[in-house]
Each structure stands twice: as C-alpha cells, then as structure tokens.
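Written below as structure tokens is the structure these notes are about.
The figures that follow rest on heavy atoms only: side chains count, while hydrogens, waters and symmetry mates do not.
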Amino acid sequence: MPSADRKNFVAEIAAQYGRRLRRFLSVRLRNVQDVPELAQEVFLRLLRVERHEAIRNPEAYLFTVASHVIHQHALRRAASPAFVDIAEAASELTVPDGDDPVTKTDNAQRIEHLEAFLAKLPPRVAAALVLHRVSGFTVQEVADQLGVRRETAKKYLARAAQYCRDRRVGRE
C-alpha cells in the first residue's frame with residue numbers, strides 16, 4: 001500500500017477518534033503526562049498496517065492497539081526499578097561540618113548501617129521507605145514518585161515496617 005494511503009487512513013482515524021483515544025488512555029494511565037507519547041505510539045502502529053482496508057471496524061482496532069500499548073507500557077514501568085538515590089537521602093541525615101567529630105563518626109556508621117539495611121530490601125520497598133521516612137513524602141507522593149497505586153505504596157511501606165520490626169526482634 002502506498003505511504004500516502006496509510007497516512008490518510010491514520011489521519012482519518014486520528015480526526016474521528018483522537019479525542020476518545022486520549023480520554024481512553026488518560027483514564028487507564030497513572031501518569032497523564034504519558035498520554036501524548038502513548039497516543040503517538042498507537043498511531044505509529046496504525047501506520048505500519050499493510051492492508052488498512054482489511055480492517056472491518058477501525059474504532060475497535062484502534063482501541064485494541066491502544067490496549068496493547070498500555071499493557072506494554074505497564075510492563076516496561078514494572079520492569080524498571082524505581083530509583084531513589086540513597087546517598088542523597090542519607091546526606092539529609094548528616095551533621096554539618098563544624099560539629100563534633102564523635103557525632104560525625106556516629107552518623108557515618110548509622111548511614112553505613114542504613115545503606116546495608118536498605119540493600120536487603122527489594123528496591124521498590126527500600127525506595128518507598130526512604131521517600132516516606134527520610135524525604136517526608138506522604139503515601140500518595142510515594143505512590144506518584146514510584147508510579148504505582150496508593151494501595152501498592154502502602155503495601156511497600158507495610159513490608160518495610162514489618163522488616164524493621166523483625167530486625168528489631170532479632171529475626172531475619
């Protein structure tokens with residue numbers, strides 16, 4: 001099929017269903033800033049269709065492709081661990097340079113202990129703990145930062161709290 005026919009097909013679909021597609025995506029995504037990127041991906045996939053005339057129901061096809069794009073987007077986000085710079089968070093715990101050397105040494109040991117402790121936790125659980133306890137984020141802010149639902153962030157924090165309780169008792 002000529003490239004011009006594909007472009008016309010996609011332009012017609014975009015004109016007819018573009019707003020509904022963006023609404024469909026925004027309802028299903030946690031981060032609304034991803035909507036334009038995913039809408040573009042949907043239209044790019046439509047451009048790759050060899051025989052657009054074989055599509056009986058363009059609307060259903062469009063939203064099926066959009067569902068697949070959302071699913072793949074979710075898989076990519078889940079696969080990439082949340083990044084929280086432990087060193088940056090730990091720097092908030094340190095004492096200014098002019099303070100007592102004993103206190104500085106004690107803080108350095110505490111930070112080393114904290115880093116070793118966090119290394120034993122799953123990355124997202126550790127990230128949730130640092131964001132909540134060190135950076136002072138609310139549970140909703142933790143969820144937004146990690147790209148998860150509020151309930152999931154609460155589960156991460158509960159796991160971290162349980163791990164802390166277990167460590168305090170001496171179990172591991």
Side-chain angles (χ1 to χ4, degrees), residues 17-45 62-172:
Y17 303 109
R19 281 186 61 192
R20 286 187 55 209
L21 173 65
R22 286 188 295 280
R23 192 173 331 119
F24 177 85
L25 294 170
S26 65
V27 166
R28 286 160 178 80
L29 292 172
R30 290 188 183 96
N31 188 356
V32 211
Q33 286 78 21
D34 292 336
V35 169
E37 179 186 338
L38 295 185
Q40 181 179 13
E41 177 63 27
V42 170
F43 291 126
L44 285 173
R45 289 185 185 192
L62 173 74
F63 289 105
T64 300
V65 170
S67 294
H68 292 184
V69 168
I70 290 170
H71 180 70
Q72 288 176 340
H73 176 73
L75 290 175
R76 273 194 311 273
R77 282 191 67 107
S80 65
F83 178 74
V84 174
D85 188 3
I86 302 299
E88 181 182 317
S91 70
E92 296 176 20
L93 301 174
T94 60
V95 177
D97 288 337
D99 287 341
D100 182 29
V102 174
T103 306
K104 289 170 98 174
T105 304
D106 184 45
N107 280 347
Q109 289 174 345
R110 287 180 179 200
I111 290 170
E112 285 177 24
H113 179 72
L114 175 65
E115 288 175 345
F117 178 83
L118 291 172
K120 295 178 182 175
L121 289 171
R124 287 183 172 256
V125 174
L129 180 64
V130 168
L131 289 171
H132 186 63
R133 298 299 294 180
V134 176
S135 300
F137 283 31
T138 65
V139 175
Q140 185 60 53
E141 291 170 333
V142 170
D144 293 341
Q145 183 72 26
L146 297 178
V148 297
R149 293 180 22 236
R150 184 175 192 278
E151 293 76 19
T152 305
K154 284 173 68 175
K155 288 178 185 175
Y156 290 161
L157 290 170
R159 284 178 63 189
Q162 183 62 48
Y163 184 75
C164 291
R165 281 190 294 274
D166 291 348
R167 294 281 298 172
R168 207 175 292 146
V169 172
R171 296 178 286 156
E172 226 175 284

| query | For the atom pair CZ (F63) and OH (Y17), what is the distance rounded to the nearest 0.5 Å? | reply | 8.0 Å
| note | Residues A66 and V42: closest non-hydrogen pair is CA-CG2, 3.7 Å
| message | Quick check: do E37 and E41 have side-chain heavy atoms less than 4.5 Å from each other? | response | no
| field | Approximate separation, where rounding is to 0.5 Å, of R76 CZ and H71 NE2 | value | 11.0 Å
| field | Minimum side-chain heavy-atom gap L29-H73 below 4.5 Å | value | yes
| Heavy-atom side-chain proximity of S135 to Q145 below 4.5 angstrom | no
| field | Atom pair CD (Q40) and CG (L44), whose distance is rounded to the nearest 0.5 Å | value | 5.0 Å
| message | Take a 6.0 Å sphere around CZ of R45 and say whether it holds more than 12 heavy atoms from other residues, nucleotides or ligands. | response | yes
| request: Evaluate the side chain to side chain contact (heavy atoms under 4.5 Å, CB included) criterion for residues L146 and L131: first the C-alpha distance (whole Å), next the side-chain angles of each, then the deciding distance (0.1 Å), finally the verdict. | output: CA-CA 10 Å; L146 297 178; L131 289 171; 4.1 Å; yes
| query | Can you tell me how far NZ of K154 sits from CD of Q140, rounded to the nearest 0.5 angstrom? | reply | 10.5 Å
| said: So that I can tick it off, tell me whether E151 and K155 are bridged by a salt bridge, with the cut-off set at under 4.0 angstrom between side-chain N and carboxylate O. | reply: no
| remark: CG of L38 to CG of L21, rounded to nearest 0.5 Å, is 9.0 Å
| field | Residue pair G136 / E141: nearest heavy atoms and the distance that separates them | value | O-OE1, 4.3 Å
| Please walk me through it: do Y163 and L129 pass side chain to side chain contact (heavy atoms under 4.5 Å, CB included)? | CA-CA 11 Å; Y163 184 75; L129 180 64; over 6 Å; no
| Once you round to the nearest 0.5 Å, how far does CZ of F24 lie from CD1 of I70? | 4.5 Å
